[in-house]
Amino acid sequence: MKNYLKRRNVHERGFSLVEMLIVIAILATVTGGIFLQLNTAQQRINTEQVKVDNFDEARDFVDQFFRDINQIGYPNQRMLNFSPAVTTSSPNVAVGLVKVDSNAIWFEGDVYGTGVVQSVQYKINGSTTCTLCLQRSSTPKVNADPESGQSTPSWGTEVNDVITSPIFAYYDTNGAAVTGLPLDITSNGSTLATIKTIHISLAIRDNAVMDPKTGQPIETAFEGEVSINNCSMATTGYVGISCQ
């Protein structure tokens, strides 16, 4: 009986200290790897959420831009019969494009559908206080020169952290790029009146959020294109190509 108990005790011997330390080290390594993967996954989720937020911000802006562009030149001189004849200064008629540049666009139109023509501007750093902000201004048109006589813009930030340049590109009815920017209604009216399509390209870089995979600030891009539907009064008596 004593020999049996002795043999049983030998077979039931527990782990040694070295074995326990090895097991603990293995478990620590596996657990650390799991937590590292979970942390990386959480960072990726946060990064993707920021990208989605930036994309939604850009999309909402472009949607607003498209709605405004659809009202460029509305109402125009062909829709209303005024006496005396309307001029580009008439507050009840929209001239269409006023000034275009690679990072700015200025136009007139009844963008709110209220019958009040607005002088609308989109511009990088329009307020001069936000160098990477693409901003929008809309003020009621007054009876004055469309470019030099209008009210002081009222800027609101639409998109932050914009790194694109150029943002806007312009094309005529044949699809040819309109060059020689900037163009304004005073000096380049006939060229402005030929613009049919406006292309917008936005790239947003959020330097506050790094991509855990690349180690670089995250970027989001958005592009779109819209056509002008209404006539232009860019030159007196000129019927814009888009009206034909």
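One is the number of the first residue; the rest follow in order along the sequence.
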- Note on the structure: Between P140 and S151, the two heavy atoms sitting closest are O-OG, 4.3 Å
- Query: Minimum heavy-atom separation for T164 to S201, with atom names?
  - Reply: CG2-O, 3.1 Å
- Is it true that F66 and L97 fall in one hydrophobic cluster, defined by side-chain heavy atoms closer than 4.5 Å? yes
- Query: Do the side chains of I69 and F107 get nearer than 4.5 Å, heavy atoms only?
  - Reply: yes
- Message: Do V116 and V98 land in one hydrophobic cluster if side-chain heavy atoms of ILVMFWY residues count as linked below 4.5 Å?
- Response: no
- Test item: I105 and F65 side chains (from C-beta on) under 4.5 Å apart, heavy atoms: yes
- Message: On a heavy-atom basis, which atom in S119 and which in E108 lie closest, and how many Å separate them?
- Response: CA-CG, 4.4 Å
- Message: Quick check for you: to the nearest 0.5 Å, what is the distance between N103 atom CG and I124 atom CD1?
- Response: 6.0 Å
- Hydrophobic cluster membership, V62 vs L132, 4.5 Å side-chain cutoff: no
- May I ask you to say whether R136 pairs ionically with E158, meaning some side-chain N is under 4.0 Å from a carboxylate O? no
- Backbone N or O of V117 within a donor-acceptor pair of the D110 side chain at under 3.5 Å? no
- Should V226 and F222 be counted in the same cluster of Ile, Leu, Val, Met, Phe, Trp and Tyr side chains packed under 4.5 Å apart? yes
- Query: Which pair of heavy atoms, one from S138 and one from Q118, lies closest together, and at what distance?
  - Reply: OG-OE1, 2.9 Å
- Query: Could you go step by step and tell me if N207 and D161 meet the side-chain contact (heavy atoms from CB on, under 4.5 Å) rule?
  - Reply: CA-CA 8 Å; N207 292 315; D161 304 314; 5.8 Å; no
- Item | Flag, side chain of K196 to backbone of I228, donor-acceptor distance under 3.5 Å | yes
- Check whether any side-chain heavy atom of K99 lies under 4.5 Å from a side-chain heavy atom of I185, and answer yes or no. no
- Query: With distance as the sole test, does D145 use its side chain to make a donor-acceptor pair with the main-chain N or O of S148 at under 3.5 Å?
  - Reply: yes
- Task: Measure the shortest side-chain to side-chain distance between I163 and E219 over non-hydrogen atoms and say whether it is less than 4.5 angstrom.
- Result: yes
- Query: Can you tell me how far the CG atom of L134 sits from the CG atom of L202, to the nearest 0.5 Å?
  - Reply: 6.0 Å
- Item | Side-chain donor or acceptor of N174 paired with backbone N/O of A176 under 3.5 Å | no
- Item | Stepwise side-chain contact (heavy atoms from CB on, under 4.5 Å) test for T129 and W155 | CA-CA 11 Å; T129 59; W155 298 105; over 6 Å; no
- Answer yes or no: is there a side-chain heavy-atom contact under 4.5 Å between Q71 and V120? no
- Using atom types as modelled and distance alone, determine if a side-chain donor or acceptor of Q135 lies under 3.5 Å from a backbone N or O of S127. yes
- Task: Kindly say whether I72 contributes a backbone atom to a donor-acceptor pair with the side chain of D68 at under 3.5 angstrom?
- Result: no
- Distance in Å, Y171 OH paired with S227 OG, rounded so as to fall on 0.5 Å steps: 12.0 Å
- Message: With heavy-atom distances below 4.5 Å as the criterion, would you say the side chains of R67 and V111 are in contact?
- Response: no
- Task: Would you check if the side chain of D184 reaches a backbone N or O of S187 as a donor-acceptor pair within less than 3.5 Å?
- Result: yes
- Where do S90 and K141 come nearest, in terms of heavy atoms and distance? O-NZ, 2.8 Å
- Query: Can you check whether V100 reaches L181 side chain to side chain, under 4.5 Å on heavy atoms?
  - Reply: yes
- Query: Partners of N143 by side-chain contact (heavy atoms from CB on, under 4.5 Å), sequence neighbours excluded?
  - Reply: S89, P91
- Can you see which heavy atom on I200 is nearest to which on F61, and at what distance? CD1-CE2, 3.5 Å
- Query: Within the side chain of T220, is there an N or O that forms a donor-acceptor pair under 3.5 Å with the backbone of I204?
  - Reply: no
- Quick one: does T173's side chain get under 4.5 Å of T194's, heavy atoms only? no
